[in-house]
There are 2 protein chains.
Amino acid sequence: MDWSIQDIARLAGTTSRTLRHYGDVGLLPASRVGDNGYRYYDELALVRLQRILMLRDLGLGIPAIADVLAGQTDGAEALAVHLRWLHQEKDRLDRQIASVEMTMLTLEGGEQLMAENMFDGFDHTAYREEVEERWGAAAYADGDRWWRSKSAAEKAEWQQRQKQLAADWSAAAAAGLAPDGAEAQALATRHADWLAGIPGTPQVNGRPAKQYLVGLGEMYVADYRFGANYGGAEGASFVRDALAVYAERNL
Amino acid sequence: MDWSIQDIARLAGTTSRTLRHYGDVGLLPASRVGDNGYRYYDELALVRLQRILMLRDLGLGIPAIADVLAGQTDGAEALAVHLRWLHQEKDRLDRQIASVEMTMLTLEGGEQLMAENMFDGFDHTAYREEVEERWGAAAYADGDRWWRSKSAAEKAEWQQRQKQLAADWSAAAAAGLAPDGAEAQALATRHADWLAGIPGTPQVNGRPAKQYLVGLGEMYVADYRFGANYGGAEGASFVRDALAVYAERNL
DNA sequence: CTAGAGGTTGACGCAGCGTCAATGTCAAGC
DNA sequence: GCTTGACATTGACGCTGCGTCAACCTCTAG
């Protein structure tokens with residue numbers, strides 16, 4: 001007993017186009033092809049088709065389905081792999097949803113989309129022009145998008161980390177430590193690590209690019225807004241010098 | 001001040017290919033095109049590009065981004081619409097994840113993928129051949145996929161509903177009620193509604209197809225497995241007659 | 001002058017079919 | 001025997017957003 005393409009399509013709850021597609025890609029060839037070119041399918045084909053459609057409904061792609069039906073892949077294993085895929089996708093969606101919601105809240109607050117206060121209290125974006133000029137606005141734009149994707153708690157934690165770092169720098173500068181001393185270099189290391197955690201920061205195998213770090217130090221000194229957070233121009237100079245030494249030694 | 005295509009790509013953290021694409025679709029034309037055909041971009045283009053990339057990161061499609069930037073759509077509104085999209089997608093993923101997990105559990109249990117006991121205690125799938133022969137395997141396959149996508153709680157609720165219905169049918173038959181009486185017809189109505197809730201059931205504007213319902217009644221009588229749930233052959237006959245009357249009057 | 005970096009315009013590829021388009025075939029009624 | 005209508009066939013484009021060659025100019029520095 002065999003059916004025409006329309007018959008089997010209705011039997012399985014799909015369309016003839018889908019069947020022809022499966023025939024084209026070799027997933028489900030017709031059981032028989034008449035002299036007129038018509039496709040005919042038998043019970044085995046129907047069973048196979050039903051299995052195909054079930055796996056498809058679970059979200060598996062055609063190659064994966066083919067592997068399972070060919071016995072090359074264990075069904076349970078294929079599903080396990082697919083399940084990880086699904087969870088990744090879900091995580092991605094969750095992050096995007098959070099990001100969109102954050103942005104909507106920001107818009108309600110009347111703020112600009114491109115937040116100028118992205119790193120409150122440790123404002124790199126104030127140096128936007130310089131940064132963009134030398135390292136590309138990617139350092140700014142990527143950072144902005146990344147920042148927006150974080151939750152309030154994460155933001156608070158980040159800002160806390162920044163403030164602590166700034167305070168430690170300030171204290172070290174006030175104590176008159178040497179920029180090339182162990183303590184100052186430890187701070188420079190923390191600073192570099194912190195920067196490396198910001199997407200968009202020019203990096204070389206996990207660490208900030210040397211010239212970027214040095215240039216950043218120069219900007220800290222050149223701009224009074226930095227000094228305000230570190231006890232004045234001396235603090236900025238201290239940071240610049242320490243970073244320069246760090247960069248020379250480690251990058 | 002204007003930049004080459006590579007310059008602005010790096011500045012914004014994207015690729016030149018993307019910029020050419022945006023140019024092709026009219027989303028971001030080059031600010032200027034040299035005699036040599038080279039594209040050049042200015043600050044305005046950079047700002048626009050950054051907004052584009054931000055919206056893109058939020059998951060908006062190119063047409064939606066174009067609408068927002070053209071001022072035809074309010075940004076907040078576009079985001080709200082998009083957010084609903086995201087939630088729908090997430091729901092879909094959640095269902096698919098649940099479905100895959102259920103299937104994996106079924107596989108671990110060593111059961112067949114095409115569950116034979118889909119409607120335990122009220123087994124329609126026992127009539128698979130007849131159903132497929134007359135109504136297409138869609139009634140079976142769709143039902144199977146649908147069933148698999150439900151949570152354990154939902155399944156329990158469904159089965160409870162089935163058992164209650166079966167018990168009520170059984171009681172009515174034992175009480176010697178008339179198949180065309182009000183009580184029997186009320187049960188038939190519940191039965192029809194219950195069937196209509198199963199995807200794959202042949203339906204005509206929200207109700208089971210007449211011939212399908214009648215044929216189902218015949219199958220109930222023809223197969224001893226049905227009688228077992230309804231107090232024997234008399235129960236099945238009662239149900240068949242009641243359904244036939246219901247179908248004649250209402251479908 | 002030459003090499004090399006960077007620019008241009010096509011055009012295919014991807015996932016899985018939906019959707020015409022142009023055309024051949026089969027079963028049924030006159 | 002012919003017409004008609006339902007159903008079949010093989011292309012081939014469309015969708016989404018670019019990645020990735022390919023073939024071929026152009027600019028800049030040594």
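Chain A is the first sequence line, chain B the second, and so forth, proteins listed ahead of strands; every chain is numbered from 1. All heavy atoms count here, side chains included; hydrogens, waters and symmetry mates do not.
- No side-chain heavy atom of B:D42 sits less than 4.5 Å from a side-chain heavy atom of B:R32.
- Distance check: A:D57 CG to B:R95 CZ gives 12.0 Å after rounding to the nearest 0.5 Å.
- Considering only side-chain N and O atoms, B:Q6 lies under 4.0 angstrom from the phosphate OP1 or OP2 of C:dG7.
- Computed from coordinates, the A:W3 CH2 to C:dC26 P distance equals 21 Å when rounded to whole Å.
- The CG-P distance, from A:D7 to D:dA6, rounds to 16 Å in whole Å.
- For A:S16 (side chain) and A:Q6 (main-chain N/O), no donor-acceptor pair under 3.5 Å exists by modelled atom type.
- If you take CG of A:D24 and P of C:dC14, they are 15 Å apart, rounded to a whole angstrom.
- Taking the six-membered ring for Trp and thresholds of 30 and 60 degrees, A:H191 and A:W194 have ring planes more than 60 degrees apart, a perpendicular arrangement.
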**Prompt:** What string of B, S and - do you get for nucleotides 13-30 of chain D 5' to 3' if you count protein non-hydrogen atoms under 4.0 Å?
**Reply:** ----BBBB-----BS---
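- The distance from atom CG of A:D2 to atom C1' of D:dA8 is 15 Å, rounded to the nearest whole Å.
- Among the heavy atoms of the strands lying under 4.0 Å from A:S4 are primed sugar atoms or P, OP1, OP2 only; no base atom is included.
- Taking atom CG of A:L28 as the reference point, atom C1' of C:dC17 lies 15 Å away to the nearest angstrom.
- Applying the 4.0 Å criterion to OP1 and OP2 of C:dG7, one finds that B:R39 has every side-chain N and O outside that range.
- Between A:L27 and A:I52, the closest heavy-atom pair is CG-CD1, 3.7 Å.
- Put simply, CD on A:E248 and CG on A:L243 are 12.5 Å apart, with the number rounded to the nearest 0.5 Å.
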